[in-house]
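Please read these numbers as outputs of a predicted model, since none were measured by experiment. Proteins get letters first, then strands, A, B, ... in listed order; numbering begins at 1 in each.
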Amino acid sequence: MAYEENKAGLNDGKGDAGASINFIEAIINEELKQGKNGGRVHTRFPPEPNGYLHIGHAKSILLNYGIAQKYNGKFNLRFDDTNPTREEQEYVDSILDDVKWLGADWEDRLFFASDYFDQLYLWAEEIIKNGKAYVDDQSSEEIAAQKGTPVKPGDESPYRNRSVEENLDLFRRMKAGEFKNGEKVLRAKIDMAHPNMHLRDPLMYRIIHAHHHRTGDKWCIYPMYDWAHGESDFLEGITHSICTLEFEVHRPLYNWFVDQIQTTDYRPRQIEFARLNITYTVMSKRRLLELVSEKYVQGWDDPRMPTISGLRRRGYTPEALKLFAEKVGVAKRDNVIDVALLEHSIREDLNKKAARVMAVLDPVKVIIQNFPANHIDMVTLENNPEDQDAGSREVPFTREVYIERDDFMVEPPKKFFRMAPGNEVRLKGAYIVKCVDFKLDEQTGEVVEIYCTYDPDSRSGMEGSQRKVKGTLHWVSASEAVNATIRLFDRLFKTEDPSDVAEGEDYKSNLNPDSLKVLENCKLEPGLREAKPGDKFQFQRLGYFCVDKESQADNLIFNRTVPLRDSWTKQSKS
RNA sequence: UGCCCGAUGGUGUAAUUGGCAACACGUCUGACUCUGAAUCAGAAGAGUCCAGGUUCGACCCCUGGUCGGGCAACCA
């Protein structure tokens, strides 16, 4: 049915990218046509709780959940917790938060691979009884040495032909805890000479005497990924087991294991797609963990991190991530997405939603000489020109206001539309002012104060405000402003490809030393005093900002999510 | 010297039983603007890795190359 819809959508001749399907959907459409698995579509996201989720996982979550929704199917969340030595409850909690925040709804289907340890064990005994698995006494080194190489076949283990009885006995004793870590393993008996190394008698179980975050001390043998994964999919009725490309060579093994237990014609199918890469970003769990544990960033949710929690704290929305995932698409070829696409996605979302406010990050004082002292003029400003329902607010205008330091130049270049001696500019929502003088610091030559006159008839809304003025500046009343700390983030790495390094160095040598800039005593319009953690705004002419989780009423802290596009600095640099 | 996968503008992704390549981001113009934003209008930019073959016709099918990626954890 979905197939027909897509056909119709594509036949309108518009070439609408949103209507085109990816290769996974093409596969599903084909299977549906053939009536495979009774027309069911059931996907899953299977994180290992050994780290925080990043935007690559977000793509996968959205892909799996999106497919389930599109085909009226189901989506499961399943923790792949088969290795107690590296998995922790903290990670389970963070993953739960992140998936929930993204909006992928697993309903009542939250599972753990460890839920299936009993069933897996029973199946393993069956496989032993069928002569398809054996207990090996060799060390991991010996087994590795026998495995051969991609171009050389492996050798068979001396324990490969033990009797079923002996294997069963040994396996039961492994389970009972009679052996130490590493003393024995259970191996599938497939083919030591297979060109695909994963089929050279892969391990099914190893002995790990460790406390598991869910099963406690019940088990001391734990299933390997390949053995546990497909069977977990099978138990949950998963139809499409979507994973990344590095598992492509595992697929025959995935299928082999399913073959051992399959009883009906239902079969889960593994499909691989290319993982997401983004310019100026590292994405591997190992590297992200290193950045955190070696304190290159302040934590997993540092706003410079590509983790879901980092992006959330940075001010990204789930909708923006969805937009991004759609634009990025799904395919099998290696890809590196321009980080500009991510930034475009959050601007696209926030442009529609974020309330406009005024904030001056690098303030310089403007004194309006002909404006009465001690007078507050409340002016009205639109909250969001993109959203008529957003309403308006009153903002105090006074004789002394702050403007942005780089909105003033003593000797402006030709196309500078902002404030300069003799120039008229509009103070947004208030009056047109003219710069008549300025004062410099004698030591530094820095501008200390700017003197202006205003045109009382030019108040926004009045007749006199109609006249054309090239520049419009944002401003904040000096006496009414509220102070804030503002954190400006830049890309974490200096180079497009952080892995591109000189001999002997690693990606960390490409860290951008200026990725975090903290500005104190920024001036905000007074209404922002009430802003709460997570609130998002557009600081006009500057960018999108959100209130950090560490922010307090008497110590406001904002994070810059992303600056506005800026054709002026681009032009003025060239 | 094996097995598996991939190759389309700068970057991604599309092209539905083969019918002379589309969309998005980015870039560049211009219009509009009380945000140098947004919006709107427009432009440049690939002839689909290469060589053969099949065909009236190939991004698509076949053959052979080239280049890139993955695979040898008691990790997932």
Colleague: What is the ring orientation for A:His212 with A:Phe117, classed by angle as parallel under 30°, tilted 30 to 60°, or perpendicular over 60°?
Modeller: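 Because their plane-to-plane angle is over 60°, the rings of A:His212 and A:Phe117 count as perpendicular.
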Colleague: With rounding to the closest Å, how many angstrom separate the C1' atoms on B:rU16 and B:rG2?
Modeller: 37 Å
Colleague: Regarding A:Glu424 and A:Lys470, does a basic nitrogen lie under 4.0 Å from an acidic carboxylate oxygen?
Modeller: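 A salt bridge is absent here (no side-chain N lies under 4.0 Å from a carboxylate O).
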Colleague: For atom P, what is the distance between B:rG19 and B:rC59, given to the nearest Å?
Modeller: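 Comparing P positions in B:rG19 and B:rC59 gives a spacing of 9 Å.
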Colleague: Quick one: sort the A:Phe171 and A:Tyr121 rings into parallel, tilted or perpendicular, breaks at 30° and 60°.
Modeller: parallel
Colleague: Closer than 4.0 angstrom, basic N to acidic O: yes or no for A:Lys570 and A:Asp566?
Modeller: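 Judged by the 4.0 Å cut-off on N to carboxylate O distance, A:Lys570 and A:Asp566 do not form a salt bridge.
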Colleague: Rounded to whole angstrom, note down the P distance from B:rU13 over to B:rU8.
Modeller: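 It comes out at 8 Å once rounded to the nearest Å.
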Colleague: For B:rC20 and B:rA58, measure between their P atoms and round to the nearest Å.
Modeller: 11 Å
Colleague: Say we look at B:rC61 and B:rG69: how far apart would their C1' atoms be, to the nearest angstrom?
Modeller: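 Nearest-Å result for B:rC61 against B:rG69 at atom C1': 25 Å.
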Colleague: Using both distances under 3.5 Å as the test, list the Watson-Crick or G-U wobble partner of B:rU35, or none.
Modeller: none
Colleague: I'd like to know if A:Glu48 pairs up with A:Arg86 as an ion pair, taking the criterion as any Lys NZ or Arg NE/NH1/NH2 lying under 4.0 Å from an Asp or Glu carboxylate oxygen.
Modeller: yes
Colleague: Give A:Thr149 one of three labels, base, sugar-phosphate or nothing, depending on what nucleic acid heavy atoms sit under 4.0 Å from its own.
Modeller: base
Colleague: Ignoring hydrogens and angles, does a donor from either the side chain of A:Arg418 or the base of B:rG36 sit under 3.5 Å from an acceptor on the other?
Modeller: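 When only heavy-atom distances are counted, A:Arg418 does reach the base of B:rG36 through a donor-acceptor pair under 3.5 Å.
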Colleague: In whole angstrom, give me the gap between the P atoms of B:rA51 and B:rC60.
Modeller: 13 Å
Colleague: May I ask you to say what A:Arg347 touches in the nucleic acid, namely base, sugar-phosphate or nothing, with a heavy-atom cut-off under 4.0 Å?
Modeller: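 Result for A:Arg347 = nothing.
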Colleague: Whole angstrom is fine here: how far is it from CD in A:Glu326 over to C1' in B:rC25?
Modeller: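 Atom-to-atom, A:Glu326 to B:rC25, this comes out as 14 Å.
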Colleague: Assign each of A:Asn196 and A:Ala430 to its nearest nucleotide of RNA chain B by heavy atoms, then name whichever residue's nucleotide is nearer the 5' end.
Modeller: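 Residue closer to the 5' terminus by nearest nucleotide: A:Asn196.
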Colleague: Between B:rG30 and B:rU48, how far apart are the P atoms? Round to whole Å, please.
Modeller: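 34 Å, rounded to whole Å.
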Colleague: Start at the 5' end of RNA chain B and walk down; is the nucleotide closest to A:Val151 or to A:His250 reached first?
Modeller: A:Val151
Colleague: According to a strict under-4.0 Å criterion, is A:Arg333 in side-chain N/O contact with OP1 or OP2 of B:rU11?
Modeller: no
Colleague: For B:rA31 and B:rA37, measure between their C1' atoms and round to the nearest Å.
Modeller: 16 Å
